[in-house]
Amino acid sequence: MISTPAHAVTSRAWFDRPSTAVARDLLGARLVHAAADGLVGGRIVEVEAYAGPEDLAAHSARGRTARNAVMFGLPGYLYVYLIYGLHHCMNVVTGPGEKPEAVLIRALEIDVGLEVARGRRGPRPSDVRLASGPGNVGRALAVDRTLNGTDLSAGPIWIEPRGGTPPTISSGPRIGVDYAGPWAARPMRSWIVDDPHVSRS
DNA sequence: GTCGGGATCCTCT
DNA sequence: GAGGATCCCGACA
């Protein structure tokens with residue numbers, strides 16, 4: 001078992017901000033999962049912010065349920081859910097306070113554990129597609145519902161903040177939330193400009 | 001208990 | 001570009 005490194009984000013305050021602010025800082029930061037079959041991590045290149053409960057695209061919009069309970073808890077925890085019965089999507093729960101907001105991790109540039117990630121994804125995808133799209137991020141990092149509710153400051157998954165100059169960021173509407181009325185058009189999806197690992201641009 | 005939909009991905013045409 | 005895979009979750013009776 002590999003313990004959370006000293007330079008990982010362990011401050012609750014870092015997560016205890018609106019999802020849009022955390023989403024900006026997650027771009028260029030690194031996400032790492034030390035799983036039983038190996039450690040895989042990479043640079044976050046694409047995210048979506050969900051500002052529940054008023055955000056009609058967010059799972060928290062229809063109130064607290066057993067499925068989304070983690071979103072209503074403290075910031076800095078992992079919210080993992082299954083979509084279409086197939087794909088595990090990974091979210092970082094944010095604040096402010098216990099406001100049920102979260103950031104969906106949509107794409108990574110894998111830079112540690114490439115061989116492990118390739119083994120999990122099979123022979124087909126090229127390296128730029130290994131963790132491109134939220135379902136693929138889940139598969140490459142071996143994330144499933146058993147990690148729902150994991151504390152990002154103490155668990156086998158952690159965030160390493162970026163150093164140096166911030167990346168150039170672009171933003172646009174979120175994917176697959178057409179049902180959310182005016183919220184569907186809001187530019188709450190953000191990505192690093194010209195990064196080939198981004199799922200759609 | 002039953003039914004319908006979903007923050008997706010991949011293959012085939 | 002279209003459609004299938006596949007199953008949890010929530011709404012409703």
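The sequence lines fix the lettering, A, B, ..., with proteins before strands; numbering per chain opens at 1. Note that the structure is a prediction, hence the values are computed from the model and not measured.
The salt bridge (charged side-chain N to carboxylate O under 4.0 Å, His left out) test applied to A:Arg118 returns A:Glu115, A:Asp127, not counting sequence neighbours. Residues satisfying the side chain to side chain donor-acceptor pair (under 3.5 Å) criterion with A:Asp194, sequence neighbours excluded, are absent altogether. Qualifying side chain to side chain contact (heavy atoms under 4.5 Å, CB included) partners for A:Arg67, counting only residues two or more places apart in sequence or in other chains: A:His59, A:Thr65, A:Tyr79, A:Tyr81. With sequence neighbours left out, the salt bridge (charged side-chain N to carboxylate O under 4.0 Å, His left out) criterion links A:Asp25 to A:Arg17, A:Arg162. Legend: residues meeting salt bridge (charged side-chain N to carboxylate O under 4.0 Å, His left out) with A:Glu46, ordered by chain and number and at least two apart, are A:Arg106, A:Arg189. In terms of the side chain to side chain contact (heavy atoms under 4.5 Å, CB included) criterion, residue partners of A:Arg186 (sequence neighbours excluded) are, by chain and number, A:Trp183, A:Met188. Taking the side chain to side chain contact (heavy atoms under 4.5 Å, CB included) definition, one finds that A:Ala58 meets it with A:Tyr50, A:Asp55, A:Ser60, sequence neighbours left out. For A:Thr146, the side chain to side chain donor-acceptor pair (under 3.5 Å) test picks out A:Asp144, with sequence neighbours left out. Every residue two or more places apart in sequence or in another chain that forms a side chain to side chain donor-acceptor pair (under 3.5 Å) with A:Asn136 is listed here: A:Arg121.
Every stem involving DNA chain B, taken as at least 3 paired positions in a row under the Watson-Crick or G-U wobble test at 3.5 Å, is listed here: B:1-6 with C:7-12, B:8-12 with C:1-5.
With a heavy-atom cut-off of 4.0 Å to chain A, the contacted part of DNA chain C has its first and last nucleotide at C:dA5 to C:dG10.
Using a 4.0 Å cut-off between charged nitrogen and carboxylate oxygen, A:Arg43 and A:Glu109 count as a salt-bridge pair.
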Scoring nucleotides 2-13 of chain B by protein non-hydrogen atoms under 4.0 Å (B base, S sugar-phosphate only, - none) yields ----BBBSSS--
